[in-house]
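Because only heavy atoms are used, hydrogens play no part in the values below, and waters and symmetry mates are left out as well, while side chains stay in. Note that the structure is a prediction, hence the values are computed from the model and not measured. In what follows, every chain begins at residue 1, and chains take the letters A, B, ... in the order their sequences are listed.
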2 protein chains.
Amino acid sequence: MQSLSTENYLKAIYHAAQFREGTVATTSIANKIGAKPSSVTDMFKKLADHNLVEYEKYKGVTLTTDGVKKALHIIRKHRLWESFLVSHLNFSWDEVHQVAEQLEHIQSEKLTNELDRFLDYPTHDPHGDPIPNRALFMKTHNKILLLDLPLNKEGVCVGVKDNSSDFLRYLDRRQIGIGTPILILHREEYDQSLHIQAGNSTLMITEKTAENIYVKP
Amino acid sequence: MQSLSTENYLKAIYHAAQFREGTVATTSIANKIGAKPSSVTDMFKKLADHNLVEYEKYKGVTLTTDGVKKALHIIRKHRLWESFLVSHLNFSWDEVHQVAEQLEHIQSEKLTNELDRFLDYPTHDPHGDPIPNRALFMKTHNKILLLDLPLNKEGVCVGVKDNSSDFLRYLDRRQIGIGTPILILHREEYDQSLHIQAGNSTLMITEKTAENIYVKP
DNA sequence: TATAAAATTTAGATTAGCCTAAATTATGTA
DNA sequence: TACATAATTTAGGCTAATCTAAATTTTATA
Ligand SMILES: [Mn+2]
Ligand SMILES: [Mn+2]
Ligand SMILES: [Mn+2]
Ligand SMILES: [Mn+2]
């Protein structure tokens, strides 16, 4: 039991569970997957039959230990492939996701582990997200939102919350990327905009942008 | 219209068409794909609807220009991936096929072409089969079966007819691979076995083996 | 807390890709 | 050339994954 669809559901449930405590709701998965809630209900039952989630009618699901393992395994593959595409195939960070969505379903332990070795066991993908290692363990940065960075305290960009191409390309234009040092120079009370120093240039960003960038203080 | 199943049929039809002139028969595809003839008939109709094959009831199919293009594109991806697995991920030539069967279905022009560049535009895969270039053109070696190599005329192994793991591993044990120089020292009339020199060692092979190795004189 | 709104599930249908069994067509051989 | 055999197609079904519409349950709020 590990169809493409099943794997996508497990991953979606895993990611949804990161956002909030408790169970994952039918509609939240329906939105992520792009399916109708009734289809999600069907799949929840199927996953429960295979002991990948615990499901209680009208109450949503939580991943079982097995479910988490499978999800992390897909995420491992997804992020390793994203890393490969950027480091060796000239992809930019806003192009990799769509292809990794396909590559993450390739089934071959040897392929996954050799790719990991070939990339020299990367710990983070091009978006700053942690890559589970072979034992499915990942260490996360203790990152905060740029919005919450104290004034005049330097941080380094270590990730993004919004992974959309639009946002990533916007950051490219502003010359902000993983590793860029950022300092908040001034907070504008009137419209919550921020004057920041990013790398060598100073620029203004909106609150919305600031709450989609992760920094390590 | 380019499901995984469709792509596998196109590839199977393409390969079957190499073997003999004329149309490709229902049962030959059924055997290759591992499906029942009735399922193949269904798919033939579907492919014909999409102008990928010409189909006449009870007469089999031939690929259209579009069908050939799609088939060659899958084959290009298959062989590029096989090359990558061997050259960078420590796969041996008997391990790559199964994984390439999955990877060949990944849809991304950029991925395919960047992989091609990364591998420095290889012309042949690990089994000696030609890799279609970006324009889907491939140049084939003018190879012959080892069986047909004249006595005491040196040839170089450039491919295999049988791609099974068993045969490939057998060749590994005999230290015969792509590039190995081979010379026929003696043909045994009694049982058609051959004494050959392969690389530095002399050894005996059966007729069956000799008709599954391609050499360039 | 009653009730309206939102969320979720159920019922019933559809599609792709496969199957078995039966019918049909083509082929090889006496 | 007749007819047995092989190849192929048709008919009817199945499953996974989806959908819409209707029913049910939960939740939010007046
Ligand atoms: Mn991604
Ligand atoms: Mn990522
Ligand atoms: Mn292959
Ligand atoms: Mn090959």
- Atom-pair distance (OH on B:Tyr9; C1' on C:dA16), nearest Å: 11 Å

- Query: Can you give one letter per nucleotide of nucleotides 5-16 of chain D, 5' to 3': B if a protein heavy atom sits under 4.0 Å from the base, S if only from the sugar-phosphate, - if neither?
  - Reply: --SBBB-----S

- Query: Side-chain donor-acceptor pair under 3.5 Å between B:Asp172 and B:Trp93, yes or no?
  - Reply: yes

- Between A:His78 and A:His97, does the ring centroid distance fall short of 6.0 Å? yes

- Would you kindly give the NZ-to-C1' distance between B:Lys36 and C:dA22, to the nearest whole Å? 16 Å

- Query: Side chains of B:Glu109 and B:His73: donor-acceptor distance under 3.5 Å anywhere?
  - Reply: yes

- Got a sec? Which of residues 16-23 of chain A come in under 4.0 Å of DNA chain C, heavy atoms? none

- Note on the structure: Here the distance between atom P of C:dG17 and atom CG of B:Leu4, to the nearest Å, is 9 Å

- Quick one: salt bridge (Lys or Arg N to Asp or Glu O under 4.0 Å) pairs with a partner in residues 89-102 of chain A, sequence neighbours left out? A:Lys11-A:Glu101, A:Asp94-A:Arg169, A:Glu95-B:Lys110

- Item | Pairs where residues 124-146 of chain B contributes a residue and the test salt bridge (Lys or Arg N to Asp or Glu O under 4.0 Å) is met, not counting sequence neighbours | B:Arg79-B:Asp125

- Query: Does the distance from a Lys or Arg side-chain N to an Asp or Glu carboxylate O, for A:Arg76 and A:Asp116, drop under 4.0 Å?
  - Reply: yes

- Using the ring pair (Phe, Tyr, Trp, His ring centres under 6.0 Å) rule, collect all pairs that involve residues 6-43 of chain B, keeping only residues at least two apart or in two chains. none

- Message: Under the side chain to side chain donor-acceptor pair (under 3.5 Å) definition, can you give me all pairs with a residue in residues 17-27 of chain B, not counting sequence neighbours?
- Response: none

